[in-house]
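Below: the structure, in structure tokens.
The chain is numbered in sequence order, starting from 1.
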Amino acid sequence: MELINHLIKRRKQGNKVILWTCRCGERLNEAVEWCRQFGLEFDAVNENLPEMIEWFGNDTRKVCADVYIDDKAVNKPEYHVPYKEVGE
């Protein structure tokens with residue numbers, strides 16, 4: 001729940017959150033609905049933000065983001081999720 005709460009807070013601050021997953025069809029719908037039940041909405045799901053699609057003229061294969069959070073990544077001690085803001 002800590003990550004979900006972190007992402008909800010970031011959205012309230014004006015950040016955009018994209019769900020990028022290998023899930024599709026019903027499994028994707030289940031994942032989006034599960035997050036929604038905890039109050040997490042996404043600005044895009046398995047695609048770039050609409051403004052990025054418009055800027056590039058198509059939906060590029062890589063999602064444009066400043067921060068990527070990968071649940072399958074190796075956890076290194078110097079990285080902390082959720083990321084802390086300066087002054088927190």
Test of understanding: with side-chain hydrogen bond (donor to acceptor under 3.5 Å, both in side chains), list the residues that count as partners of [X], not counting sequence neighbours.
X     : value
Glu33 : Arg36
Asn5  : none
Asp59 : Asn48

- [ ] State plainly whether one hydrophobic cluster holds both Val67 and Leu49, where clusters connect Ile, Leu, Val, Met, Phe, Trp and Tyr through side-chain heavy atoms under 4.5 angstrom apart.
- [x] no
Open item on the list: Test of understanding: clusters of I, L, V, M, F, W, Y form through side-chain heavy atoms closer than 4.5 Å, transitively. Do Ile8 and Ile69 belong to the same one?
Closed with: yes
Task: CD-OG1 distance between Glu47 and Thr60, expressed to the nearest 0.5 angstrom - done: 11.0 Å
TODO: Report yes if some heavy atom in the side chain of Glu51 is under 4.5 Å from a heavy atom in the side chain of Lys16; otherwise report no.
DONE: yes
TODO: Report yes if the side chains of His6 and Glu2 come closer than 4.5 Å at any heavy-atom pair, otherwise no.
DONE: no
Only distances under 3.5 Å count here; give the side-chain donor-acceptor pairs of residues 17-27 to other protein atoms, sequence neighbours excluded, each with its distance to 0.1 Å.
residue: Thr21; atom: OG1; partner: Arg23; partner atom: N; Å: 3.1
residue: Thr21; atom: OG1; partner: Arg23; partner atom: NH1; Å: 3.1

TODO: Please write out which residues are connected to Ile53 in a hydrophobic cluster, directly or through intermediates, given that two of Ile, Leu, Val, Met, Phe, Trp, Tyr count as joined at side-chain heavy-atom separations below 4.5 angstrom.
DONE: none
TODO: Could you note down all residue pairs passing ring pair (Phe, Tyr, Trp, His ring centres under 6.0 Å) where residues 38-58 supplies at least one of them, sequence neighbours left out?
DONE: Trp34-Phe38
